[in-house]
Number of protein chains: 2
Amino acid sequence: MTDVAKRAGVSATTVSRVINHYGYLSQKTIDKVHKAMEELNYQPNSMARSLQGKDTQLIGLIFPTVSHPFFGELASKMETKLFEKGYKTILCDSANNKEKERDYLKMLAANKVDGIIAGAHNLGIPEYENVGLPIISFDRHLAEGIPIVSSDSYQGGRLATEQLYQRGGRKIAILTGTNESDSPTNKRLEGYLSVLKEHQLEPMVYHFPLEHSPFLKATEIRQILSKEDIDSIFCTDDLTAILVLNKAQELGINIPGDLKVIGYDGTEFIQNYFPQLSTILQPIDQFVDLLIDLLMKRINNADVELDSLYQLPVRFMQGQTS
Amino acid sequence: MTDVAKRAGVSATTVSRVINHYGYLSQKTIDKVHKAMEELNYQPNSMARSLQGKDTQLIGLIFPTVSHPFFGELASKMETKLFEKGYKTILCDSANNKEKERDYLKMLAANKVDGIIAGAHNLGIPEYENVGLPIISFDRHLAEGIPIVSSDSYQGGRLATEQLYQRGGRKIAILTGTNESDSPTNKRLEGYLSVLKEHQLEPMVYHFPLEHSPFLKATEIRQILSKEDIDSIFCTDDLTAILVLNKAQELGINIPGDLKVIGYDGTEFIQNYFPQLSTILQPIDQFVDLLIDLLMKRINNADVELDSLYQLPVRFMQGQTS
DNA sequence: AAATATATGATAAACGATTGACATATTGGT
DNA sequence: ACCAATATGTCAATCGTTTATCATATATTT
């Protein structure tokens, strides 16, 4: 900063005034200082700034893994929008690893990020109770007072199941992740169950622990497809639906004739590269907007009253698999 | 820190000595201090630490977008490995936006990251010439003195093309990104051309600008497939190969009977969810290890001599599309 | 018992900014 | 020509650590 001041022929205080827009300043001085900053390729040291209590302009993003297209897309869009607002993104792949998530939480606190958006899948992390940072959660209950943004999973579950029923499905199975009772995602299962009950059909629920490899999942799916008497499957995520399609093809099962499949996610990726898949679309762009808006509110005023749950509507997307 | 010192009944100096492991310390004191730190949930303020010249333990990751499975996987693995080494990852989706990439470069410098790994697709960013930070590049020439890690794209191009030839392909087309002469990726095209020349076949080169949407690409592919006389296609990335498969199916083209397709990337994602695709596998895990190892070398010693190009071998993966 | 090694404390400067207090100079309006 | 508004400078404290220096106290050797 001293160098900039010298080069611009002003005092360090004036440079600071220019950077932080306060006090009286002539346009001439402002220009001089900006010119000097450019010439010296000067960037204020953000460590020093935030030591003074300035915001770090850093946001922590905690997701299971960006190698999953859904979270990759979510993270990418979050990052893009945050960048437009002048924030940088610290990426944390919790990788279904509770310890890692806890460590990250500590690190983020130490790095004094301005806020956190967390959408990981680990349960029972008490640190969330008192991080003392603005947090918004995606699709998961973290702690009292942390708002949750999710899609209307119950309706989504109902929607998918009803579609399968309407198309003639009577032996409708569901493939879903591990049972996590307090997760909004689990509502997809509840939606499924409610529809089956209305039609007095027998539920067929298959749980796949998240940590299972796709290969293992595929093997189990193959078993199910070849042994069980099923005419429709609701997969609570699109990738699992793809595994079902692959295995069905291997087994010579006709889709949608012998088996109807509906997925759930709504990524652009699937729409671009798997347009044939019938699926439940979540409003990813709206997730991003809402998550960031809520976080900004919390950042600007730690005490704003926010709802504890924001549920966005989902849509059914007719493909050729149902 | 003062609180910790008080609670442990020692001086602030001693706490600092414990944290930074220097000077004489009794085990008793070390334990006391650690206990106090835990009890108070104390994390040293990393801003203050790095003001003192300590490393920030932050690494910037610049990729086109993590919504693409290849970069999502790469980013995820990088993040995981960096975390194990005690680093946090700042994610930068350059989004094929040159301005954004330049801005990010500035921000990273201001945030005093310890190093950068850049694998974006923008050309002509002079800032790379003098960031004054350890940088390693993935698959792209950034500036003099910045080592590049990539796969052996020329061999990959040859490999794919030769496979198509061996399987009987004589009208072999290539679908590739925009012509970027200084990119290692472009070597895939050169490998293709060299094989065609050896067999005295006519090259058929189709360029798809990166910024084109998958939908637009798909439309163009459909045109090509329906109008041109082609029996084999080498796609320089797997997602484009998937579009070809989709459009071929729509048009009733038999794969691999009427048309053979080979992709290029090597993500676990494709192997898990598109196992039928024949493709060229890049060693992503080795990319990650090498990129990080090289970066660590540069961080620990800014002047180490590094090669300007590290080329890792690729493998052909036989699927059912060729 | 003296010499040395080990353990801790007190103090202060430094990292690179921000900001308030105060002083001084210039400008503009009347 | 005078007052207020505007423009800039000097100085010093502060943010939360790190680290060097000096001092002192206890423990271990010889």
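Quick note on labels: first sequence line is chain A, next is B, and so on, each numbered from 1. The structure presented is a predicted model; accordingly, all values stated were derived computationally and were not measured.
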Fill in: Residue pairs, two or more places apart or on separate chains, that pass salt bridge (Lys or Arg N to Asp or Glu O under 4.0 Å) and touch residues 296-310 of chain B
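Matches after skipping sequence neighbours: none remain.
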Fill in: Beyond-backbone contact of B:Tyr310 with B:Phe287, side-chain heavy atoms, under 4.5 angstrom
no
Discussion item. Contact between B:Phe71 and B:Phe138 at the side-chain level, heavy atoms closer than 4.5 Å - yes or no?
Written reply: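 Answer yes - side chains close enough.
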Item to complete: Taking heavy atoms of chain A and a 4.0 Å limit, find me the 5'-most and 3'-most nucleotide of DNA chain C within that range.
Response: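 Reading along DNA chain C, I get C:dG16 to C:dT19.
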Discussion item. At a heavy-atom distance below 4.0 Å, which nucleotide of DNA chain D is the first touched by chain B, and which is the last?
Written reply: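 The contact span of chain B on DNA chain D goes from D:dG16 to D:dT19.
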Item to complete: Ignoring hydrogens and angles, tell me if any N or O in the side chain of B:Ser50 forms a donor-acceptor pair with the backbone of B:Ser46 under 3.5 Å.
Response: yes
Worksheet entry | B:Asp114 side chain to B:Asp55 backbone, donor-acceptor under 3.5 Å | no
For [X], answer base if it contacts any base atom (sugar-phosphate contacts may also be present), sugar-phosphate if it contacts only those atoms, and nothing otherwise; contact means non-hydrogen atoms under 4.0 Å.
| X | result |
| --- | --- |
| A:Thr13 | base |
| A:Ser16 | base |
| A:Ser26 | sugar-phosphate |

Fill in: DNA chain C: 5'-proximal contact among B:Ala12 and A:Thr2 (nearest heavy atom)
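The answer here is B:Ala12.
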Worksheet, complete the sentence: Heavy-atom nearest nucleotide on DNA chain C taken for B:Thr29 and for A:Ile19; more 5' hit belongs to B:Thr29
Discussion item. Quiz question: by atom type and distance under 3.5 Å, do the side chains of A:Asn20 and A:Arg49 form a donor-acceptor pair?
Written reply: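 Indeed, the side chains of A:Asn20 and A:Arg49 share at least one donor-acceptor pair under 3.5 Å.
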Worksheet item: Centres of the B:Phe83 and A:Tyr104 rings: under 6.0 Å?
Response: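 When the ring centroids of B:Phe83 and A:Tyr104 are compared, they turn out to be within the sub-6.0 Å range.
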Item to complete: Run the salt-bridge test on B:Glu127 and B:Lys106 with the 4.0 Å N-O cut-off and return the result as yes or no.
Response: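 Salt bridge absent between B:Glu127 and B:Lys106.
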